[in-house]
Amino acid sequence: MEPIVTRFPPSPTGALHIGGARTALFNWLYARKKKGKFILRIEDTDTVRSTKESVGAILESLTWLGIDWDEGPYFQTERATIYTEYIERLVESGSAYYCSCTPEEVNAMREAAKANGLKPMYNGRCRKKNLGPGDNTVVRLKTPQTGVTIVQDIVKGDTAFQNSEMDDFIIQRSDGSAMYNLAVVIDDLTMGINTIIRGDDHLINTPKQMLIYQALGADMPSFGHVPMVLGADKSRLSKRHGAMSVGEYKHLGFLPDAMINYLVRLGWSHGDQEFFERNDLIEKFDLEHLGRSASMFDNDKLLALNAKHIQSKRPEILADHFLFHLKNLGIDAQNDAFTQGVIETLQSRSKTLVEMAKGAAFYYQEDVQFDEKAAHKFLNPDCLDMLQTIADDIEGLEAYTQATLEHVFKKIMDQTHLKFGKIAQPIRVAITGTTVSPGIFEMLLALGQEKTVQRIKTAIRLIQDTA
RNA sequence: GUCCCCAUCGUCUAGCCUGGUCCAGGACACCGGCCUUUCACGCCGGCGACAGGGGUUCGAAUCCCCUUGGGGACGCCA
């Protein structure tokens, strides 16, 4: 059996958005699963809207998601001569022809068709004129006027299109450049792509493309059209639905693994399984379980999945992603034992890495930023003695462990008859400046003996100064 | 307007192809409770759907038809 060759062909007119990322993911997953090839191709023939920045952003986002490609990126703008070659071949074989109708004339035809209750189409006026190339002439494909073209779709099943519904569409512009449908077919053909998974907004293009394959006498690839991703109001995902590019999600503190986990489950399933590791996905992904209906993007579910992935990853793996967000807060740190200890205390209470970084800031800051209300409520003269005792006891500890710390707390509780919370809260505020933090022992352990003592002493001075 | 696609809890979905094991399962969200040193995590429980109508059949979420609803496409964009 020939190896599977898939591709992802974004047009660089903006960042990589959610829908595109999912399409890329499906193609990539399938290629990896089948031990085939995944090719990246940039469809930049729309020179007006294509930008270099978009190309950069797309490549960066794919890389961040861990979607790597075996070939490319190819650029359609660099392949113009290949398209011209094929277009000429099509004209010579009588499958295509030159047309000198102006856009205005074609528009009039469309209006006329619409007025008759028909689909707006070009009427084939230049079909038999046998025109040669010239200024302001385009090349159109001579589409069959009768019969049907049946798309055998992997996810939708067979879909029949009446050939009479298709007009002689343009394959070459008057400036000599190739149109989308032609370029795609020639690329897919010459790159050996045999499996095309794309959004179902392309389903309508498929019969047109099949006609080109046929005119060329070429083998047809397999097609699979996946439903689109919709916004929360069921309309096409767009800016007003909030973040929609992969890059934004990176900055919002999402893990690439959570992202691909969420994206793949939007339209694909493996029984009741919700949580997937990357390798798990490669092993289990298939085309049979792709859904047929459109799905809405749900931020809450993404968030929940992100939390699960944060919980399940080892701190040293998480660290690199975490450090990026810490840096955004103006804190430079290393992937060392300290940072990993910090991460461990925050893993089960962070839905995003931004949350984690914010929650971790106090570990790294030299001076504790006291929340006024918290300090007022918990750092008062009443607890001076208690804090002093604890600071002394911790400082005197030879072994700084969970067990010895617990012992220190227990001793104070026995001496003062205070409840655990009455001791823990002031300490928490002294250490973090706020009333919300990781568990008291794990936090003190992660912070280290020296800083712990130092911060408690600072709090004591604060109380004495304000008293 | 014409053509195409789609239709299970609010959302993502399992089940549909190969009718009975489904008074429809899981997850997110939501609501209760437990755990508890804060915040979380975790655990237990609850709420909640086969769009409607016709068939076919002993039996339909599953097969067929119609209606309705949603989405997409109709470019010298991709």
Side-chain angles (χ1 to χ4, degrees), chain A residues 9-13 43-46 48-50 76 99 101-103 106-107 110 113-122 136-140 151 153 155-157 159-162 164-167 169-175 177 179-181 183-184 199-207 225 227-228 230 232 234-236 262 265-275 288-289 291-305 307 311 346-351 355 359 374 378 409 419-425 427-429 432 434-441 443:
Chain A
S11 53
T13 55
E43 305 205 325
D44 56 352
T45 54
D46 182 354
V48 179
R49 295 193 301 155
S50 297
Q76 288 192 323
C99 164
C101 296
T102 65
V106 177
N107 255 334
R110 279 197 258 267
K114 228 168 151 178
N116 286 325
L118 297 170
K119 201 169 185 168
M121 297 198 300
Y122 170 71
N136 297 320
T137 56
V138 299
V139 178
R140 290 181 182 274
V151 179
D153 196 275
V155 343
K156 308 260 187 197
T159 305
F161 291 88
Q162 296 298 322
S164 58
E165 287 285 333
M166 282 182 272
D167 65 358
F169 58 93
I170 297 174
I171 56 177
Q172 185 181 54
R173 298 187 185 88
S174 55
D175 67 1
S177 63
M179 283 283 287
Y180 169 73
N181 278 315
V184 166
D200 68 7
D201 48 337
H202 282 288
L203 187 57
I204 199 87
N205 284 321
T206 307
H225 290 90
M228 319 212 36
L230 272 23
K234 286 204 164 185
S235 72
R236 200 174 177 147
Y262 177 71
R265 281 286 292 109
L266 213 51
W268 177 81
S269 60
H270 184 78
D272 284 339
Q273 187 173 350
E274 299 283 350
F275 185 87
E288 287 75 50
H289 294 86
R292 286 180 302 270
S293 55
S295 40
M296 282 166 41
F297 189 84
D298 180 8
N299 217 276
D300 281 338
K301 188 133 187 179
L302 207 210
L303 215 48
L305 221 33
Q311 278 190 50
L346 262 3
Q347 270 178 289
S348 67
R349 57 198 93 225
S350 310
K351 284 198 193 309
E355 252 181 64
F378 292 103
F409 274 66
K419 280 196 165 180
F420 188 85
K422 293 282 179 200
I423 299 169
Q425 269 322 69
I427 299 282
R428 192 185 310 280
V429 176
T432 71
T434 73
T435 55
V436 176
S437 86
I440 198 87
F441 297 120
M443 174 174 72

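Chain letters run A, B, ... following the sequence lines, proteins first, then strands; residues in each count from 1.
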Would you tell me if any nitrogen or oxygen in the side chain of [X] comes within less than 4.0 Å of OP1 or OP2 on [N]?
X: A:Ser174; N: B:C76; result: no
X: A:Ser177; N: B:C76; result: no
X: A:Thr45; N: B:A78; result: yes

Separation of [X] atom [atom1] from [N] atom [atom2], in whole Å?
X: A:His289; N: B:C16; atom1: NE2; atom2: P; result: 9 Å
X: A:Leu303; N: B:C41; atom1: CG; atom2: C1'; result: 15 Å
X: A:Leu203; N: B:C3; atom1: CG; atom2: P; result: 16 Å
X: A:Leu230; N: B:C5; atom1: CG; atom2: P; result: 18 Å
X: A:Met121; N: B:G1; atom1: CE; atom2: P; result: 18 Å
X: A:Asp167; N: B:U2; atom1: CG; atom2: C1'; result: 13 Å
X: A:Ile170; N: B:C74; atom1: CD1; atom2: C1'; result: 14 Å
X: A:Asn181; N: B:A73; atom1: CG; atom2: P; result: 14 Å

What's the gap between [N] and [M] when it is taken at their [atom1] atoms, as a whole Å value?
N: B:G25; M: B:G48; atom1: P; result: 12 Å
N: B:C64; M: B:G20; atom1: P; result: 15 Å
N: B:A78; M: B:C17; atom1: C1'; result: 34 Å
N: B:G52; M: B:G75; atom1: C1'; result: 38 Å
N: B:G26; M: B:A49; atom1: C1'; result: 14 Å
N: B:C63; M: B:A27; atom1: P; result: 27 Å
N: B:C31; M: B:G71; atom1: P; result: 30 Å
N: B:A7; M: B:A14; atom1: P; result: 10 Å

Look at the side chain of A:Asn205 and the base of B:A78, then say whether one donor and one acceptor between them are separated by less than 3.5 Å.
->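 Checked by distance alone, the answer is yes.
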
To check you understand the geometry: which heavy-atom pair defines the closest contact between [X] and [Y], and what is its length?
X: A:Leu305; Y: A:Glu274; result: CD1-O, 4.1 Å
X: A:Ser164; Y: A:Met121; result: O-CE, 3.4 Å
X: A:Val436; Y: A:Thr434; result: O-OG1, 3.0 Å

Could you check which nucleotide pairs with [N] in any of the strands shown, counting Watson-Crick or G-U wobble with both distances under 3.5 Å?
N: B:A24; result: none
N: B:G69; result: B:C6
N: B:G48; result: none
N: B:U18; result: none
N: B:G59; result: none
N: B:C76; result: none
N: B:U38; result: none
N: B:C43; result: B:G33

Interface polar pairs with nucleotides 7-9 of chain B, N/O, under 3.5 angstrom:
none

All side-chain contact (heavy atoms from CB on, under 4.5 Å) counterparts of A:Thr102, not counting sequence neighbours =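 Only A:Glu104, A:Glu105 meet the side-chain contact (heavy atoms from CB on, under 4.5 Å) criterion with A:Thr102.
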
Aro-ring/base stack A:His202-B:G72, d under 5.5 Å, angle under 30° =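 Stacking is absent between B:G72 and A:His202, given that the ring centres and planes do not meet under 5.5 Å and under 30°.
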
Taking the side chain as every heavy atom from C-beta outward, state whether [X] and [Y] have any pair of such atoms under 4.5 Å apart.
X: A:Tyr122; Y: A:Ile170; result: no
X: A:Gln172; Y: A:Val138; result: no
X: A:His289; Y: A:His270; result: no
X: A:Ser293; Y: A:Pro227; result: no
X: A:Val155; Y: A:Trp268; result: no
X: A:Val106; Y: A:Arg110; result: yes

From [X] [atom1] over to [Y] [atom2], what is the distance, rounded to the nearest 0.5 angstrom?
X: A:Arg265; Y: A:Leu302; atom1: CZ; atom2: CG; answer: 13.0 Å
X: A:Phe409; Y: A:Ile440; atom1: CZ; atom2: CD1; answer: 5.0 Å
X: A:Met443; Y: A:Phe441; atom1: CE; atom2: CZ; answer: 10.0 Å
X: A:Met179; Y: A:Ile171; atom1: CE; atom2: CD1; answer: 10.0 Å

Heavy atoms only, 4.0 Å cut-off, all strands: where does [X] land among base, sugar-phosphate and nothing?
X: A:Arg110; result: sugar-phosphate
X: A:Lys156; result: sugar-phosphate
X: A:Gln311; result: sugar-phosphate
X: A:Cys101; result: base

Keeping the roles fixed (side chain from A:Tyr262, backbone from A:Ala304), state whether a donor-acceptor pair exists under 3.5 Å.
->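 Side chain of A:Tyr262 to backbone of A:Ala304: no pair is present.
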
Any donor-acceptor pair under 3.5 Å linking the side chain of A:Asn116 with the backbone of A:Leu118?
->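 No; judged by distance alone, with no hydrogens or angles, the pair does not exist.
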
Relative to the 5' end of RNA chain B, which residue comes earlier, A:Gly157 or A:Asp201, by the nucleotide with the nearest heavy atom?
->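 With A:Gly157 and A:Asp201 compared, the 5'-side residue is A:Gly157.
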
If each of A:Gly267 and A:Asn116 is mapped to the nucleotide of RNA chain B with the nearest heavy atom, which maps nearer the 5' terminus, i.e. the 5' end?
->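 Taking each residue's closest nucleotide, the earlier one in sequence belongs to A:Asn116.
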
Could you work out which one of [options] sits closest to the side chain of [X]?
X: A:Glu165; options: B:U2, B:U13, B:C5; answer: B:U2
X: A:Ser269; options: B:C77, B:C3, B:A14; answer: B:A14
X: A:Phe161; options: B:C4, B:C76, B:C12; answer: B:C4

With the sugar-phosphate defined as primed atoms, P, OP1 and OP2, and the base as all remaining atoms, what B/S/- string results for nucleotides 24-40 of chain B, 5' to 3', for protein heavy atoms under 4.0 Å?
-> -BBBSS-------BBBB

N/O contacts under 3.5 Å, protein versus nucleotides 61-66 of chain B?
none

List for me each residue that meets salt bridge (charged side-chain N to carboxylate O under 4.0 Å, His left out) alongside A:Arg349, sequence neighbours excluded, and say none if there are none.
->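 Partners of A:Arg349 under the salt bridge (charged side-chain N to carboxylate O under 4.0 Å, His left out) test: A:Glu442.
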
Pair A:Arg428, A:Thr432: side-chain N/O donor-acceptor within cut-off below 3.5 Å |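 Judged by distance alone, the side chains do not pair up.
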
So, is B:C34 syn or anti if syn means the angle is within 90° of 0?
->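 Judged by the O4'-C1' to base torsion, B:C34 sits in anti, the angle falling more than 90° away from 0.
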
Between the protein and nucleotides 49-53 of chain B, are there any N/O to N/O pairs under 3.5 Å, and if so, what are the atom names and distances?
none

